Amino acid sequence: MNKIAQIFDSLDYGPAPETADQANEWLDSKGRAFGHFIDGKWTKPGKTFASTNPANGSKLADITDGTAADVDAAVKAARAAFKSWSALRGYERGRYLYAIARMIQKHSRLFAVLETMDNGKPIRESRDVDIPLVARHFYHHAGWAQHLEREFPDHVPYGVCGQIIPWNFPLLMLAWKIAPALAAGNTVVLKPAEFTSLTALLFAEICERVGLPRGVVNIVTGEGDTGAAIVNHSDIDKIAFTGSTEVGKLIRAATAGSGKGLSLELGGKSPYIVFEDADLDSAVEGLVEAIWFNQGQVCCAGSRLLVQESIEERFLAKVRARMAKLRVGDPLDKSIDIGALVAPVQVERIKDLMKRGVAEGAIVYEPDGQVPADGCFLKPALVTNVSPANTLVSEEIFGPVLVAMSFRTPEEAVALANNTRYGLAATLWSENINLALDIAPKLKAGVVWINGTNQFDAAVGFGGYKESGYGREGGREGMAAYLKPLWEKDLKPAAVAKPVMAKPANPLDGGHLDQTAKMYIGGKQARPDSGYNRPVHGPKGELIGEVGEGNRKDIRNAVEAARAASGWANTAAHSRAQVLYFLAENLDYRRDEFAARIKAQTGEDGTEEVAQSVERLFAFAGWADKFDGAVHNPPMRAIAAAMVEPLGTIGIVASDNNPLLNAVSLLAPTIAMGNTAVLAPSSRHPLSMTDFYQVLETSDMPSGVVNIVTGDSLTLARTLAEHDGVDGLWFMGSAEGSAMVEKASVGNLKQTWTSRGLDYDLSDPRFAGDYFLSKATQVKNVWIPYGA
Ligand code: NAI
Ligand code: MG
């Protein structure tokens, strides 16, 4: 047969290589050795490591391993540049971002080829996905810079931001970090991942060429310890990290108590749900995108296929047939589907995980055929016969490995989907709009794609629930993550409370009262598990009451009750508002009694505090049906509904001053947004909140929505911080207590707000609005096909 006839016969692709000439010329022009980009200048290469092309193992360049001194120099440059950069008009900053976007577009092919050479991802992806999204991000944020003052009044940039990014989308993650930071007026020190520094260095040259003022963007290359030097630098105001959950937790612990802002975008094990009424062929194509895009090295990869049992066999047969057609090979070939993994260590990691999964009973399907012997190539794999406990089901594999399980009912699909410590993304396929829109809100994930997958846009926030991290990138939420309220810098240290009465040597000498205020758990008054009470003293030291000494067990019971009341989140916002109005009314009705109680505890007239508490309840009743989401119009045939959802169960540790108002000011936004709460009231003046039970009981508040545990604030705070059933924790108290709370929150990466020993005066009307509402909520973006 002649050649043409053969081609007709096999219908296979011929080679379609993209040239690497320009990228090599650029590398040659730099002598293939790079220093850092600090203060607008290139440092001399120091101690270096090699950046290699994972498709063939060839060395591309020597990269400098940044030292703590390098990081310090970069931070100094960023600090020096901050004043004038943040003082520029937003329009002027926007012009720089616009210029960067234009330059990236102009040199898009060079960026794409360099990215593919350094990372191993198919050129089709770097050319059509990564780099266009990078340009889009800078364009989008050019606009934000200009409109910032109007959209975020009384907000200021953090200052110097330390940014640490991973290797899976090197330039895209840089764009997600740098564009909003600069738009807001911050300056940055960014460290690319050690496997993929090259496009960040090319980007630095773009910054030079557009005349970005020196010191605004500093790029320091290096490995994990360089990243740690950024995290621990005392003159950095905010850390933004994308990478593994493991390192994210280290960073949370390292920044605890530092007052640094923190956003974390971490790993995932995202479900990909296919219902029996789905368009199966489209769902198969979606699945290719979900798990074989970028060799599966995607934080939001749809790596857990959940398919309805009735179509399981048929669907998996289609998946296997499609897998056999996926072309694995040279990433610079334009018709390659799966390129190289980023580095040999990742290949080994994946192989190890697979071995473990197989030992636990998994069956692995890989299509026939060979992958290139040199380079970091793996075949696409489909894993079946797994239980939820299998390593391959629970661990983030970060490779081309799909794990399949089946379900019978939609309820079971939701339960399986949410059965993970992660919550980054979720995909669902169904032709039934009712089913799709019923399931989307039930999925605990920051992004939900309906009949599509892996869609991203600069106008749409991206980020996780649970251990996938916190903070959003993109859209309004992403801008908010780089801004803070102007007034925060004027906060003074809170006055340290006078010591409480000394404990009597003999507990029986503590005085005796007939009545002890109990705890309030699951809508019932409860005795403390410890069997101990703590005295409550008046301003002159006289015994005025007793409350239970709450312990670990009481907190556990309260959290359990709070979680059981999660249906509150689905109560209509209007109904939640009504309950809050009713609470306000009932508190108002008993204002004299509450004012007298404040006076008895603090010696101060409580009339005003009660009135303010009533007003605060009214304020958040009013917010319950107004603090809501948005609809975005990304440049795809879809809308993204940005839904404002509650965190879940929030722990609240109130402070000693204004014992009623402070507790109410923290409780009201929490429950207004559909969270349930475990409140530890002031440990010194707890009686205002133990009186509050009666108000709760007469206000139609469902049992378990508000739970109150009295006792020692720090003890209760620690238990709440360590409890994995608590999704958020707000702590008012000392700087040391705040640091403890932040550190102890790493277990499930609960979102914390702490007062850090500062004098937050919650009677200020600024606390009657979005300040706490935004902390009580997280945005889920639901992508829905829309329009032709
Ligand atoms: P990694 O989390 O160690 O690396 C991400 C970035 O953090 C890199 O720039 C690295 O230099 C830096 N880093 C490492 N240790 C640090 C520390 N102690 N302090 C500050 N910065 C530090 O991820 P790695 O080791 O490259 O990959 C391991 C696994 O992590 C992957 O197989 C994957 O499962 C997961 N991963 C998830 C990502 C995601 O986007 N969700 C991205 C990268 C990795
Ligand atoms: Mg590389």
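Note that this is a predicted model, so its numbers are computed, not measured. Each ligand, and each atom within it, is numbered from 1 in the order the structure gives.
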Enumerated ligand 1 atoms positioned under 4.0 Å from heavy atoms of [X]:
| X | result |
| --- | --- |
| A193 | 9 (O) |
| G227 | 19 (N), 20 (C), 21 (N) |
| G224 | 11 (O), 13 (N), 14 (C), 15 (N), 16 (C), 17 (C), 19 (N), 20 (C), 21 (N), 22 (C) |
| T242 | 40 (O) |
| L266 | 41 (N) |
| A228 | 19 (N), 20 (C) |
| G267 | 41 (N) |

Closest protein heavy atom (residue, atom, distance) for [atom]:
| atom | result |
| --- | --- |
| atom 40 (O) of ligand 1 | C299 CB, 3.2 Å |
| atom 11 (O) of ligand 1 | E194 OE1, 2.6 Å |
| atom 42 (C) of ligand 1 | P166 CB, 3.3 Å |
| atom 27 (O) of ligand 1 | Q346 NE2, 3.5 Å |
| atom 7 (O) of ligand 1 | F241 CE1, 3.2 Å |
| atom 34 (O) of ligand 1 | E396 OE1, 3.2 Å |
| atom 33 (C) of ligand 1 | F398 CG, 3.3 Å |
| atom 1 (P) of ligand 1 | S244 OG, 3.6 Å |

Ignoring hydrogens and angles, state whether a donor on the side chain of [X] or [Y] is under 3.5 Å from an acceptor on the partner side chain.
| X | Y | answer |
| --- | --- | --- |
| S51 | S197 | no |
| N119 | K121 | no |
| E396 | S303 | no |
| D70 | T67 | yes |

#### Entry: Of all pairs that satisfy salt bridge (charged side-chain N to carboxylate O under 4.0 Å, His left out), the ones with a partner from residues 170-179, not counting sequence neighbours
K177-E473
### Task
Dump the intermediate steps for side-chain contact (heavy atoms from CB on, under 4.5 Å) on M117 and L332, then the final yes or no.
CA-CA 7 Å; M117 286 165 71; L332 274 177; 4.1 Å; yes
### Task
Work out which heavy atom in C299 is nearest to a heavy atom in S270; give both atom names and the distance.
O-OG, 4.5 Å
### Task
Please name the pair of heavy atoms, one in C376 and one in P344, separated by the smallest distance, quoted to 0.1 Å.
SG-N, 3.5 Å
Specify side chain, backbone, both or neither for [X], according to which of its non-hydrogen atoms lie closer than 4.0 Å to ligand 1.
| X | result |
| --- | --- |
| I165 | backbone |
| E265 | neither |
| N168 | side chain |
| E223 | backbone |

Can you confirm if the aromatic rings of [Y] and [X] lie within a centre distance of less than 6.0 Å?
| X | Y | value |
| --- | --- | --- |
| F203 | F138 | yes |
| Y272 | W449 | no |
| W176 | F462 | yes |
| Y158 | F82 | no |

### Task
Answer yes if a protein heavy atom lies under 4.0 Å from atom 4 (O) of ligand 1, otherwise answer no.
no
### Task
State whether any protein heavy atom lies less than 4.0 Å from atom 25 (O) of ligand 1.
no
### Query
From the Mg ion (ligand 2), how many protein N/O/S atoms are found at a distance short of 2.8 Å?
4
## Note on the structure
The residue among H36, H233, K76 that forms side-chain contact (heavy atoms from CB on, under 4.5 Å) with V71 is H233
#### Entry: Candidate pair R109 and E18, rule salt bridge (Lys or Arg N to Asp or Glu O under 4.0 Å), full reasoning
CA-CA 10 Å; R109 195 56 70 93; E18 172 75 31; 3.0 Å; yes
#### Entry: Pairwise side-chain contact, F456 with L133, heavy-atom cut-off 4.5 Å (strictly under)
yes
### Task
Verify the neighbour count for atom NZ of K743: are there more than 12 heavy atoms of other residues, nucleotides or ligands below 6.0 Å?
no
